[in-house]
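See structure below.
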Amino acid sequence: MNQTTTDTYTERLAVTLPAVRERIERAEWASARTPGSVRLIAVTKSHPFEAVEAALAAGLSDLGENRVEELELKVGTFGPDAATWHMIGHLQSRKAPRAAAVSDLIHSVDSLRLAEKLARVAIEEGRVLRVLAQVNTSGEGSKSGFSPAQADDEIARMAELPGLMVDGLMTMAPFVDDEAVLAAAFGGLRELSVRLRAATQRIGPELSMGMTNDLEIAIREGSTMVRIGTALFGERGSAT
Ligand SMILES: *Cc1c(COP(=O)(O)O)cnc(C)c1O
């Protein structure tokens with residue numbers, strides 16, 4: 001690995017990581033959330049191995065990738081035990097076995113079809129896969145996820161699949177600045193979680209929501225995991 005590049009990321013994280021942690025702590029405090037109740041997932045997607053190396057050295061232990069190929073390369077390089085590895089991007093059914101092999105938690109299970117495929121893989125391999133159900137809370141056609149109209153029914157069915165452990169829900173907010181719109185998307189996911197968990201004990205309490213631009217609103221609305229890339233590692237494509 002390139003030492004210069006690793007140093008660049010290390011120097012950057014020395015500034016950005018305390019700043020992100022402070023944003024999270026302030027947001028927890030502002031909404032009377034328990035300090036430390038929001039987990040920081042560092043999104044290293046499209047950043048090189050050196051970013052991962054610097055992140056691990058800085059004590060970041062939850063790392064997220066949005067493409068299976070890149071996740072495989074990074075897990076292959078650093079090892080499955082180096083971090084808790086999160087798959088956060090859209091996953092094609094045919095890549096389910098590969099994602100299952102390298103992910104500790106798959107956030108992006110966005111259809112019953114994909115859930116069933118992952119469940120089959122888990123059963124064949126005699127294991128249990130931890131997953132989240134991704135919900136398209138904004139209803140935007142461009143976003144993947146269970147549609148709000150079908151989410152109650154379909155996610156309840158997903159939770160019955162043997163081989164899967166549904167730890168909770170995930171969403172991506174629409175790309176807008178309007179706080180009310182963002183709050184409605186995140187609040188909608190929280191309300192869905194409350195409804196589902198009243199109906200079944202097979203769905204856990206995790207709410208994966210909040211990115212660089214909206215983490216405060218997400219935490220206010222009950223996020224338990226924020227997925228942060230840009231605020232930690234800089235703009236993608238101009239990393240170093
Ligand atoms: C890229 C990505 C993130 C991180 O976004 P930033 O705005 O860079 O913090 C979070 N979640 C998903 C699903 C992503 O693809």
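Whatever order the structure lists them in is the order used to number ligands and atoms, beginning at 1. These numbers were taken from a predicted model, which means no experiment stands behind them.
The protein non-hydrogen atom at the shortest distance from atom 9 (O) of ligand 1 is T212 OG1, 2.5 Å. For atom 5 (O) of ligand 1, the nearest protein heavy atom (residue, atom name, distance) is M211 CE, 3.4 Å. The protein heavy-atom contact nearest to atom 11 (N) of ligand 1 is R227 NE, 2.8 Å. From the protein, the heavy atom lying nearest to atom 14 (C) of ligand 1 is K45 NZ, 3.0 Å. Shortest contact from atom 12 (C) of ligand 1 to any protein heavy atom: I88 CD1, 3.4 Å.
Legend: salt bridge (Lys or Arg N to Asp or Glu O under 4.0 Å) pairs involving residues 86-100, not counting sequence neighbours, sorted by first then second residue: E69-K95, E72-R98.
How far NE2 of H86 is from CD1 of I41: 4.0 Å, rounded to the nearest 0.5 Å.
Between the side chain of R197 and the main chain of I203, a donor-acceptor pair closer than 3.5 Å is present.
Contact annotation for M172 and ligand 1: only side-chain heavy atoms (C-beta onward) come within less than 4.0 Å of the ligand.
Remark: the E206 side chain and the T224 side chain contain an N/O donor-acceptor pair separated by less than 3.5 Å. Counted by atom type alone, E28 and T34 present zero donor-acceptor pairs between their side chains at under 3.5 Å.
Near G229, meaning under 4.0 Å from one of its heavy atoms, ligand 1 places the atoms 4 (C), 6 (P), 8 (O), 9 (O). Counting the atoms of ligand 1 from 1 in the order shown, those under 4.0 Å from a heavy atom of T230 are 6 (P), 7 (O), 8 (O), 9 (O).
The aromatic rings of F78 and W85 sit tilted, their planes meeting at an angle between 30° and 60°.
Under a 4.0 angstrom heavy-atom cut-off, I228 registers as being in contact with ligand 1. At a 4.0 Å cut-off, at least one heavy atom of R236 sits close enough to ligand 1 to count as contact.
The side-chain contact (heavy atoms from CB on, under 4.5 Å) test with V52 singles out one residue from L63, T6, T77, L60, and that residue is L63.
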